[in-house]
Protein chains: 2
Amino acid sequence: MQKTNRPTINDVARVAGVSKKTVSRVINRSPLLSGDTRERVEQVIADLGYIPNPQARALALRRNYLIGLVHDNPNAQTVMNVQQGMLEALYGTEFEMVVRPLNRGSATMLDDLRHFLERQRLFGVLLMPPVSENDTVAELCDSIGCRYVRMGSAALDTAEHMVASNDREAVRAATQYLIGEGHRRIGLVLGPHGFRSARERRLGFEDALKAADIALPRSLIADGNYTFESGIVAAERLLDLMPRPTAIFSSNDEMAAGVVHAARQRGLDIPRDLSVIGFDDTPIAGHLWPPLTTVRWPIASMARSAALKLIAGVGDNPEPEVREPSMFLSTLIRRASVAAPGDG
Amino acid sequence: MQKTNRPTINDVARVAGVSKKTVSRVINRSPLLSGDTRERVEQVIADLGYIPNPQARALALRRNYLIGLVHDNPNAQTVMNVQQGMLEALYGTEFEMVVRPLNRGSATMLDDLRHFLERQRLFGVLLMPPVSENDTVAELCDSIGCRYVRMGSAALDTAEHMVASNDREAVRAATQYLIGEGHRRIGLVLGPHGFRSARERRLGFEDALKAADIALPRSLIADGNYTFESGIVAAERLLDLMPRPTAIFSSNDEMAAGVVHAARQRGLDIPRDLSVIGFDDTPIAGHLWPPLTTVRWPIASMARSAALKLIAGVGDNPEPEVREPSMFLSTLIRRASVAAPGDG
DNA sequence: TTGTAAGCGTTATCAT
DNA sequence: ATGATAACGCTTACAA
């Protein structure tokens with residue numbers, strides 16, 4: 001219980017024989033300091049083990065050294081991967097991460113967020129999809145003076161304010177792969193209405209069919225909402241079709257697991273009777289039987305890059321000039337859930 | 001003067017015609033205030049939409065209204081459930097949640113944590129397993145003056161500092177169920193060495209066998225580390241045994257998924273040829289084929305209770321007298337992965 | 001290049 | 001029961 005032992009800026013100033021402002025300048029890397037004084041002060045700081053008090057800084061600066069993760073994403077693994085990436089970027093800096101889940105669809109969501117941002121005076125926030133797709137939220141951050149970077153499945157904002165994966169192109173490639181294997185009747189399980197990622201993935205799917213001159217009847221498109229259960233429902237409808245699709249692209253892995261589940265219940269063998277491709281490459285993809293061919297997007301890398309953008313130009317961190325990439329490529333992970341169509 | 005239009009305590013004091021200290025008293029629910037003044041000040045607070053500045057409070061109180069979640073748990077879903085539970089408890093309070101992952105096995109882990117706690121001056125932390133099992137960490141929190149509550153699979157601390165599930169009893173019951181179905185050769189896949197949960201679950205397993213007077217040869221016990229892959233390895237060893245076990249209890253679902261995977265690769269049917277029980281009831285359990293019988297522990301409830309303990313007696317929150325429960329019961333979720341043994 | 005004084009918005013001390 | 005005044009630890013003017 002030795003709270004008294006923690007040195008303050010005054011202690012450093014006294015021991016170093018300078019004013020606290022000088023110490024403050026050293027801490028904040030002010031350019032106008034004699035190398036002499038700087039070294040001396042830095043030595044004292046090291047000797048005393050002085051660490052600036054974040055609360056005092058927050059008060060004086062009217063800004064907290066806190067980076068928020070704001071999300072309303074239902075996928076635990078995705079959220080964890082984002083946290084992981086952010087923390088990599090924040091490690092060794094003076095920033096901490098604060099997580100703020102939002103209730104999707106809640107009427108008070110925007111107010112909740114405003115309260116949160118205003119009260120805590122966050123330095124910046126990383127917005128995860130789907131809330132990141134909401135322009136009003138971005139404007140809110142702007143108006144409050146809180147930096148923000150949006151994560152998305154397509155270019156949502158300027159490079160400074162966004163990191164994105166190219167879902168459309170990735171799904172196009174995945175679907176093309178299916179077509180290359182000989183599939184012509186390919187079902188599509190959609191993501192939830194209003195999700196940008198759902199739209200992008202659908203567009204990529206359609207791109208591939210169009211390029212191969214394959215018609216896409218509405219009946220081959222089934223609704224879904226990214227849940228396992230919705231994948232089952234969608235697959236049941238698709239597998240009732242006559243003739244049956246020989247392959248299904250599911251807009252995420254969770255639903256793909258539902259598709260696999262439904263197919264198995266009908267005694268269909270995957271991939272012999274039905275090929276399946278998912279999206280996300282969550283752990284479930286590798287654990288399914290057979291292991292699921294899917295699209296992997298570099299979540300953690302994107303989140304790391306986003307966090308670096310947020311803290312760019314602060315302290316030791318690279319200046320904004322050193323641009324972090326904004327577009328990330330997703331890749332097709334080929335496992336065992338795809339084969340050439342049989343004589344279905 | 002008003003750079004931001006956000007009212008401060010001074011504004012409230014001026015408008016209400018009292019001193020800032022009086023306003024402070026109102027905010028902090030000081031008992032020695034005339035109901036008259038209180039009402040007047042509260043009215044002004046409401047009119048102005050005044051919200052105390054957390055940074056200033058943190059500086060004056062030398063304590064942040066931040067609750068930390070400290071964890072080194074590899075399971076994304078578990079961590080998310082804990083976050084969920086904490087946020088439920090924190091919702092509507094002045095507290096925010098900060099997440100702090102720790103690198104298990106890192107030599108600097110303890111130092112990292114100390115730095116974090118000292119710098120951020122957290123109000124309290126929720127320690128998740130397995131790091132919560134480390135007494136040194138608890139002592140560290142104590143010495144820094146940071147409240148803490150440990151989550152665990154057995155009573156780790158006093159009621160004030162802990163919420164626990166009774167893993168041993170839950171596994172005993174699960175194993176007894178297996179025995180009741182007629183199984184006698186039951187394999188056990190262990191959790192990682194040094195994890196309290198692994199130990200408790202093993203003990204529960206042994207309790208049940210002992211009560212039923214069933215011998216447990218060492219060969220029926222396989223190592224694991226809570227990962228899917230380790231489940232596969234363990235199952236392969238177990239299924240090589242002659243005679244083969246008719247059932248396997250896996251110390252978590254992830255490994256149980258590996259067991260199912262390995263069994264399927266050998267052409268074994270579950271549950272006809274092999275019954276399997278897991279632990280955790282993560283989403284994977286319901287998605288497996290067949291759906292996995294498993295033990296569900298009330299993670300979110302435990303986390304909520306833990307968070308309530310942490311903020312007990314502050315502001316509107318119930319006094320410490322109103323004790324939150326410390327022990328939580330886990331329940332067996334019967335699905336389709338268990339049946340009576342065949343003629344294996 | 002460095003120091004002085006005045007905040008930042010709250011709580012604690014000690015009056016009255 | 002209430003208020004003046006001094007912390008809390010740091011930063012931003014503005015001087016020197």
Side-chain angles (χ1 to χ4, degrees), chain A residues 3-42 44-45 48-65 94 118-121 123 145 314-315, chain B residues 1-42 44-45 48-65 94 118-121 123 145 314-315:
Chain A
K3 309 187 176 180
T4 23
N5 276 17
R6 280 187 44 135
T8 74
I9 198 171
N10 288 305
D11 299 322
V12 177
R14 184 166 28 75
V15 174
V18 296
S19 74
K20 39 197 263 198
K21 180 59 213 175
T22 300
V23 178
S24 173
R25 288 199 176 93
V26 171
I27 297 170
N28 295 295
R29 298 180 172 68
S30 162
L32 13 78
L33 265 180
S34 80
D36 198 37
T37 339
R38 155 158 307 158
E39 272 177 30
R40 186 153 37 94
V41 173
E42 273 172 351
V44 175
I45 288 179
L48 264 47
Y50 165 71
I51 298 175
N53 178 316
Q55 283 77 44
R57 276 164 60 100
L59 180 57
L61 287 168
R62 298 178 182 107
R63 164 156 288 198
N64 229 321
Y65 277 34
E94 55 214 326
E118 286 188 340
R119 283 192 49 161
Q120 298 300 325
R121 308 234 186 172
F123 187 91
V314 181
Chain B
M1 152 106 199
Q2 302 263 16
K3 300 166 188 178
T4 66
N5 35 15
R6 292 192 42 174
T8 74
I9 198 172
N10 288 306
D11 300 321
V12 176
R14 184 166 30 75
V15 174
V18 296
S19 76
K20 40 197 259 193
K21 183 59 207 173
T22 300
V23 178
S24 176
R25 288 201 176 91
V26 172
I27 297 170
N28 295 294
R29 297 179 170 67
S30 162
L32 11 78
L33 263 180
S34 80
D36 197 38
T37 331
R38 156 159 304 157
E39 272 178 30
R40 185 153 37 94
V41 173
E42 272 172 351
V44 174
I45 288 180
L48 263 46
Y50 165 71
I51 299 175
N53 178 318
Q55 284 77 45
R57 293 194 3 136
L59 180 57
L61 289 168
R62 286 109 161 227
R63 167 159 282 203
N64 229 322
Y65 277 35
E94 53 215 327
E118 285 190 339
R119 282 191 49 160
Q120 297 302 323
R121 308 234 184 171
F123 187 91
V314 180

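Side chains included, hydrogens not; waters and symmetry mates left out as well; all remaining heavy atoms used. Just so we're on the same page: letters track the sequence lines, and every chain starts at 1.
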What does [X] touch in the nucleic acid at a heavy-atom separation under 4.0 angstrom: a base, only the sugar-phosphate, or nothing?
X     : result
B:L59 : base
B:V18 : sugar-phosphate
B:L61 : sugar-phosphate

Quick check: does any side chain N or O of B:R6 sit under 3.5 Å from a backbone N or O of B:N53, one acting as donor and the other as acceptor?
no

Sidechain-backbone polar pair: B:Q55 side chain, A:Q120 backbone, donor-acceptor under 3.5 Å:
yes

Take atom CG of A:N53 and atom P of D:dA7, then tell me their distance rounded to the nearest Å.
17 Å

Gap between atoms NZ and C1', on B:K21 and D:dG3 respectively (whole Å)
10 Å

Any side-chain N or O of [X] less than 4.0 Å from the OP1 or OP2 oxygen of [N]?
X     : N      : result
B:T22 : D:dT2  : no
B:Y65 : C:dT11 : no
B:S19 : D:dG3  : yes
B:S24 : C:dA12 : no

Comparing B:P54 and A:R40 on DNA chain C - which has the more 5′ nearest nucleotide
A:R40

Closest to the 5' end of DNA chain C, once B:N28 and B:R25 are matched to their nearest nucleotides, is B:N28

